[in-house]
Amino acid sequence: MAQFQSLPGFREFYPDALARRNHIFRQWRRAAHAYGFSEYDAPVLEPLDLYKRKSGDEIEAQLFSFTDKGGREVALRPEMTPTVCRLVGAKANALKRPIKWCSIGEFYRYERAQKGRERAFFQFNCDIFGEPGPEAEIELIGLLVQSLAGFGLGPADFYVRLSDRTLWLHYLASLGLNEDQAKAVLGAVDKYEKVGDEAFKTYTETFGELAGETKAKILAFLGIKSLSALEAVLTPVGGEALAARLADWRKLLNGLAAMGLGEYIEVDFGVVRGLAYYTGFVFEAFDRKGELRAIAGGGRYDDLVEKLGGPALPAVGFAIGDVTMGLLLEQRALMPTFGPTTDVYVVIGGEAERTAAFLDIAGLRAAGYRVDYPLKELAFGKQFKAAAESGAKLALIYGGDELAKGVVKFRDLSDRSEHEIPRASVVEAVRDYFTTGGTA
RNA sequence: GCGGCCAUAGCUCAGUUGGUUAGAGCACAAGAUUGUGAUUCUUGGGGUCGCGGGUUCGAAUCCCGUUGGCCGCCCCA
């Protein structure tokens with residue numbers, strides 16, 4: 001048994017696990033590039049205050065934070081949003097709008113690991129800065145769907161629940177609640193699906209019992225699952241701001257429908273996302289079976305860049321985590337199996353032939369082919385077995401008989417046919433084989 | 001931070017009421033086989049039974065603690 005173990009919640013990626021992780025990253029990047037997002041990266045270690053400023057002092061309990069040798073209070077980043085706000089904020093005036101940025105990075109949270117949650121995990125973050133209207137949400141939610149659909153997941157596998165904190169706050173204000181009361185209600189709404197009426201406990205303790213009629217209206221609003229139901233509730237309330245917001249909703253849903261994504265989207269005012277910094281549309285992606293924690297989450301945060309010291313800059317973003325993503329792909333059998341990747345296996349007769357083989361191996365590798373060979377002298381039988389296991393489509397045989405004639409035996413491992421080729425044309429012969437689909 | 005379950009080889013596990021030197025399959029390696037691939041046979045390496053303490057003539061087995069894992073609560077940016 002090893003004397004040292006990895007820290008709790010920190011994963012080790014053996015080659016097969018890393019291949020799966022890379023597969024996830026590859027699909028994410030493909031989607032982001034297709035949507036015209038630029039990839040950036042930033043430090044893993046940040047000033048502790050960056051996170052306190054955004055989330056309050058309580059956040060420190062859930063951070064990997066410490067004092068560095070220079071006496072600085074620092075923390076391993078638990079999320080990307082404050083960092084990207086700083087990056088964009090610092091150069092906001094020089095960046096072409098809209099600013100569409102993405103990143104893949106590792107994040108760290110000092111929390112107890114459980115299913116779908118580790119202490120170190122990777123996130124795919126995508127944000128659009130500088131666009132206040134729902135056009136940004138259309139683009140971003142479109143990317144979110146594509147980032148999941150790219151793996152072969154369909155509307156039967158996942159969906160995006162869409163809600164709106166702006167409308168929630170408008171509606172609660174129309175019910176006569178002040179700002180603090182409204183925030184407390186949103187906290188209750190966030191929990192309501194899970195714990196039911198118990199969710200209002202905190203509100204009741206702080207502000208007293210909600211009037212029965214008000215509470216009934218809140219619960220009805222929470223149950224809204226369509227634009228028409230939303231309009232039915234809000235039209236009587238009236239007002240210009242509400243009318244404009246409903247127009248935003250129509251634009252957003254029509255836009256997503258026009259992209260062919262309607263099947264993935266569900267209006268659901270039970271989603272509010274507890275975080276106070278969200279200011280408008282909020283959304284979460286879930287698996288349809290409801291067995292996993294949220295796959296992705298996001299929303300609009302128009303005040304955060306300014307709060308963190310930048311200019312006023314509207315923003316909307318989302319993040320997908322690698323842990324739940326991986327679980328979902330395994331569950332739906334959409335995670336490919338990754339084996340060794342070799343194009344050509346070189347069979348070497350003995351030490352005398354090794355030197356000659358090395359020259360051609362180096363030439364093939366320089367030409368970009370993935371070439372492998374036994375590091376030690378090995379019986380032919382073993383070498384062919386190794387060749388088959390390597391996944392190579394082609395074996396080149398450097399034996400004493402062949403080299404004496406100035407040739408190499410060229411064996412197609414898929415149909416076991418073989419012929420001799422002049423040594424001088426090894427690279428050309430391999431290139432011909434692979435460019436003609438492996439049937440040369 | 002709190003609670004439940006678990007911990008034997010790289011992996012999956014067996015190990016009787018506590019009793020010789022802790023086993024199997026898979027995987028890995030070598031040979032049978034000195035020029036041609038999945039099979040078969042033989043052999044081998046690999047364990048202070050998570051760690052520490054206690055009970056006992058004797059502990060993988062019973063007790064306590066601890067660390068780690070899984071699951072849940074809190075939280076979930």
Side-chain angles (χ1 to χ4, degrees), chain A residues 1-12 14-16 46 50-56 58-63 75-85 107-119 121 123 125 127 187 190-191 194-195 198 202 272-278 282 284 291-299 301 304 308 317-321 323-324 327 345 347-353 376-404 409-418:
Chain A
M1 192 57 62
Q3 193 175 357
F4 294 106
Q5 303 176 312
S6 65
L7 262 17
F10 284 73
R11 292 167 292 166
E12 296 172 305
Y14 282 79
D16 57 333
E46 291 275 21
L50 181 63
Y51 304 110
K52 283 188 174 175
R53 176 80 67 87
K54 176 186 169 236
S55 308
E58 320 78 55
I59 195 69
E60 191 173 354
Q62 290 167 56
L63 297 179
L76 288 170
R77 63 184 181 193
E79 58 167 324
M80 194 53 119
T81 304
T83 300
V84 72
C85 283
F107 300 90
Y108 310 87
R109 296 181 185 177
Y110 199 86
E111 298 176 299
R112 192 67 150 241
Q114 52 187 263
K115 188 171 188 181
R117 187 168 87 183
E118 307 284 346
R119 285 183 165 184
F121 55 92
Q123 269 190 355
N125 277 263
D127 297 270
D190 194 35
K191 288 187 181 144
K194 215 172 187 179
V195 301
E198 181 78 2
T202 312
V272 296
R273 298 185 62 75
L275 283 306
Y277 68 90
Y278 283 117
V282 289
E284 295 185 325
E291 293 172 350
L292 301 170
R293 32 175 75 235
I295 304 163
Y301 51 101
L304 196 56
L308 293 173
F318 72 78
I320 311 177
V323 181
T324 301
L327 287 173
Y345 194 92
V347 173
I348 301 171
E351 286 309 313
E353 290 77 36
K376 291 181 294 186
E377 196 164 352
L378 214 56
F380 267 72
K382 291 267 193 237
Q383 292 194 56
F384 281 101
K385 194 175 170 185
E389 288 170 353
S390 76
K393 293 182 175 62
L394 194 61
L396 295 175
I397 298 144
Y398 286 72
D401 300 345
E402 287 84 359
L403 291 183
K409 198 168 275 181
F410 186 104
R411 180 176 175 90
D412 186 328
L413 290 167
S414 53
D415 63 9
R416 303 189 178 196
S417 65
E418 53 185 35

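Because the structure is predicted, anything quoted here is derived from the model rather than measured. Just so we're on the same page: letters track the sequence lines, and every chain starts at 1.
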Can you run through RNA chain B from 5' to 3' and write each base as (, ), [, ], | or . depending on how it pairs? Watson-Crick or G-U wobble, both distances under 3.5 Å. (((((((..((((.....[...)))).(((((.......))))).....(((((..]....))))))))))))....
Pick the [atom1] atom in [N] and in [M], then give their distance to the nearest Å.
| N | M | atom1 | answer |
| --- | --- | --- | --- |
| B/rC6 | B/rA14 | P | 13 Å |
| B/rA29 | B/rU48 | C1' | 25 Å |
| B/rC64 | B/rA27 | P | 41 Å |
| B/rU33 | B/rU17 | P | 49 Å |
| B/rG44 | B/rU66 | C1' | 37 Å |
| B/rC2 | B/rG47 | P | 36 Å |
| B/rA9 | B/rG23 | C1' | 10 Å |
| B/rU34 | B/rA38 | C1' | 23 Å |

Got a sec, which residues hit salt bridge (Lys or Arg N to Asp or Glu O under 4.0 Å) with A/K52, two or more places apart in sequence or on another chain? A/E60
Which nucleotide in the set [options] lies at the smallest distance from any side-chain heavy atom of [X]?
| X | options | result |
| --- | --- | --- |
| A/Q62 | B/rC76, B/rC75, B/rG72 | B/rC75 |
| A/E111 | B/rC76, B/rU36, B/rG72 | B/rC76 |
| A/K194 | B/rC73, B/rG37, B/rG31 | B/rC73 |
| A/E118 | B/rG35, B/rG37, B/rC70 | B/rC70 |
| A/L378 | B/rG35, B/rA30, B/rG37 | B/rA30 |

Examine distances only and state if a side-chain atom of A/Q62 and a backbone atom of A/E111 form a donor-acceptor pair shorter than 3.5 Å. no
Given 3.5 Å as the limit, does a donor-acceptor pair link the side chain of A/R117 with the main chain of A/R112, or not? yes
Using only heavy-atom distances, decide whether a donor-acceptor pair under 3.5 angstrom links the side-chain of [X] to the base of [N].
| X | N | result |
| --- | --- | --- |
| A/R411 | B/rG35 | no |
| A/R416 | B/rU36 | no |
| A/E402 | B/rG35 | yes |
| A/K409 | B/rU36 | yes |

Name the residue from A/Y108, A/Y51, A/F107 that meets the side chain to side chain contact (heavy atoms under 4.5 Å, CB included) definition with A/P78.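 Result: among A/Y108, A/Y51, A/F107, A/Y51 is the only option passing the side chain to side chain contact (heavy atoms under 4.5 Å, CB included) with A/P78.
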Check: [Y] and [X] side chains under 4.5 Å, non-hydrogen atoms:
| X | Y | answer |
| --- | --- | --- |
| A/F121 | A/T324 | no |
| A/L63 | A/L76 | no |
| A/R109 | A/E79 | yes |

Just the rounded figure in Å: distance from [atom2] of [N] to [atom1] of [X].
| X | N | atom1 | atom2 | answer |
| --- | --- | --- | --- | --- |
| A/K385 | B/rC28 | NZ | P | 8 Å |
| A/R112 | B/rU67 | CZ | P | 10 Å |
| A/E353 | B/rU36 | CD | P | 15 Å |
| A/Q383 | B/rG37 | CD | P | 12 Å |
| A/I348 | B/rG35 | CD1 | P | 15 Å |
| A/R119 | B/rC76 | CZ | P | 17 Å |
| A/E389 | B/rA38 | CD | P | 9 Å |
| A/R117 | B/rC71 | CZ | P | 11 Å |

Go nucleotide by nucleotide along RNA chain B from the 5' end; which of A/K382 and A/Y398 gets its closest nucleotide reached first?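 Looking at the nearest nucleotide for each, A/K382 comes out on the 5' side.
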Assuming nearest nucleotide by heavy-atom distance, tell me which of A/Y110 and A/F384 is located more 5' along RNA chain B.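 Nearest-nucleotide comparison on RNA chain B picks A/Y110.
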Considering only NZ, NE, NH1 and NH2 on the basic side and carboxylate oxygens on the acidic side, decide whether A/E46 and A/R77 come within less than 4.0 Å. no
Counting just side-chain N and O atoms, does A/K191 come under 4.0 Å of either OP1 or OP2 of B/rC75?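 So the side chain of A/K191 is within the cut-off, an N or O lying under 4.0 Å from OP1 or OP2 of B/rC75.
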With a 4.0 Å cut-off on heavy atoms, is [X] in touch with a base, just the backbone sugar-phosphate, or nothing at all?
| X | value |
| --- | --- |
| A/G56 | nothing |
| A/E418 | base |
| A/P8 | sugar-phosphate |
| A/G400 | base |

Within a 6.0 Å radius of atom OH on A/Y110, are there more than 12 heavy atoms belonging to other residues, nucleotides or ligands?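 No, OH of A/Y110 has 12 or fewer neighbouring heavy atoms, counting only those of other groups under 6.0 Å.
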For A/I320 versus A/I295, what's the shortest heavy-atom pair and its separation?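 Distance-wise, the nearest heavy atoms are CG2-O, 3.5 Å.
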